[in-house]
Amino acid sequence: MISAQAWADAQRLWDFQQMGHKLRPCSVAIGLGSHDLGVADTTADLYHRGMMPLIVFTGATSRTTRDRMPRGEAEHYRERAMELGVLADAILVEPRARNTGENIRFSRALLEEHQVNVSSVLLVSKPYEERRAYATACKLWPEVEWLNASTPMTLSEYVDSIGNAHLVIDMLAGAQQRLMIYPQQGFMIEQRVPDAVTAAYERLRDAGFTSRLVSEESKRA
């Protein structure tokens with residue numbers, strides 16, 4: 001059973017991760033690979049709304065995706081987007097990245113290779129990682145303007161889509177921990193974290209929502 005306090009703390013972290021950016025057309029979108037095909041769906045929807053002429057899907061595989069996405073996260077995202085009507089010529093695939101930092105670095109290199117002029121990027125991620133992705137991207141590619149988007153849904157809806165409430169709260173705690181420790185390690189820009197958010201994270205950590213936490217000496221973003 002998950003306590004009412006844990007649910008309230010998870011909701012606080014969920015709300016904090018939402019950047020609330022007002023979207024407008026950008027030079028390109030970067031869809032961050034993961035287990036969640038909703039990222040591809042949302043990116044395709046934004047493309048059809050005229051928010052960008054070009055998409056980069058980025059991501060290799062991980063322990064959570066190698067069985068479901070054997071051809072790689074980015075390739076499965078590309079296939080999904082094309083099923084939803086995105087033109088093949090509007091998609092670039094970056095198949096090597098294994099963490100958020102690599103997603104950004106490798107996507108930038110791919111766009112430079114294709115001589116794409118980039119002044120703004122629409123960064124599409126899972127809902128609970130908007131702020132973490134933004135902080136990483138701003139650190140690694142500060143010359144462009146970053147706007148964040150994710151599938152518009154509530155925490156309850158996301159839990160239903162995943163089917164494992166404990167795992168979702170673990171992932172929320174992991175995203176929040178990285179947001180707090182990675183700036184000091186040079187992987188992200190600093191984000192002001194309200195005391196209430198820090199307290200919510202600490203209660204979840206102490207309650208055992210720890211499977212997605214990393215060592216504070218971790219070298220990955």
Handout entry: Gln176 side chain vs Leu179 backbone, donor-acceptor pair below 3.5 Å
Key = no
Handout entry: Under 3.5 Å donor-acceptor, Gln177 side chain and Val214 backbone
Key = yes
Minimum side-chain heavy-atom gap [X]-[Y] below 4.5 Å:
| X | Y | answer |
| --- | --- | --- |
| Pro194 | Val197 | yes |
| Val39 | Thr43 | yes |
| Asn117 | Leu111 | no |
| His35 | Lys126 | yes |
| Tyr134 | His21 | yes |
| Val28 | Ile55 | no |
| Val124 | Asn148 | no |

Can you tell me how far the [atom1] atom of [X] sits from the [atom2] atom of [Y], to the nearest 0.5 Å?
| X | Y | atom1 | atom2 | answer |
| --- | --- | --- | --- | --- |
| Asp36 | Ile162 | CG | CD1 | 5.5 Å |
| Met171 | Gln17 | CE | CD | 12.0 Å |
| His114 | Leu92 | NE2 | CG | 5.0 Å |
| Asn99 | Arg178 | CG | CZ | 10.0 Å |
| Asp206 | Tyr201 | CG | OH | 8.5 Å |
| Met19 | Arg132 | CE | CZ | 14.5 Å |

[X] side chain to [Y] side chain, donor-acceptor N/O pair below 3.5 angstrom:
| X | Y | answer |
| --- | --- | --- |
| Tyr77 | Ser34 | yes |
| Thr100 | Thr136 | no |
| Glu130 | Ser150 | yes |
| Thr151 | Thr42 | yes |

Practice task
Sequence neighbours left out, what passes side-chain contact (heavy atoms from CB on, under 4.5 Å) with Arg24? Give chain and number order.
Solution key: Ser120, Glu145, Leu147
Practice task
Could I get the full list of salt bridge (Lys or Arg N to Asp or Glu O under 4.0 Å) partners for Glu79, not counting sequence neighbours?
Solution key: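 Partners of Glu79 by the salt bridge (Lys or Arg N to Asp or Glu O under 4.0 Å) criterion, ordered by chain and then number, come out as Arg71.
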Exercise for the section: Could you tell me if the ring centre of Phe57 sits under 6.0 Å from that of His76? Expected result: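 For Phe57 and His76, the ring centres are not under 6.0 Å apart.
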Exercise for the section: Could you list the residues that satisfy side chain to side chain donor-acceptor pair (under 3.5 Å) with Asp9, not counting sequence neighbours? Expected result: Gln5, Arg203
Practice task
Answer yes or no: is there an ion pair linking Arg98 with Glu73, defined by an N-O contact shorter than 4.0 Å?
Solution key: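 Salt bridge: no.
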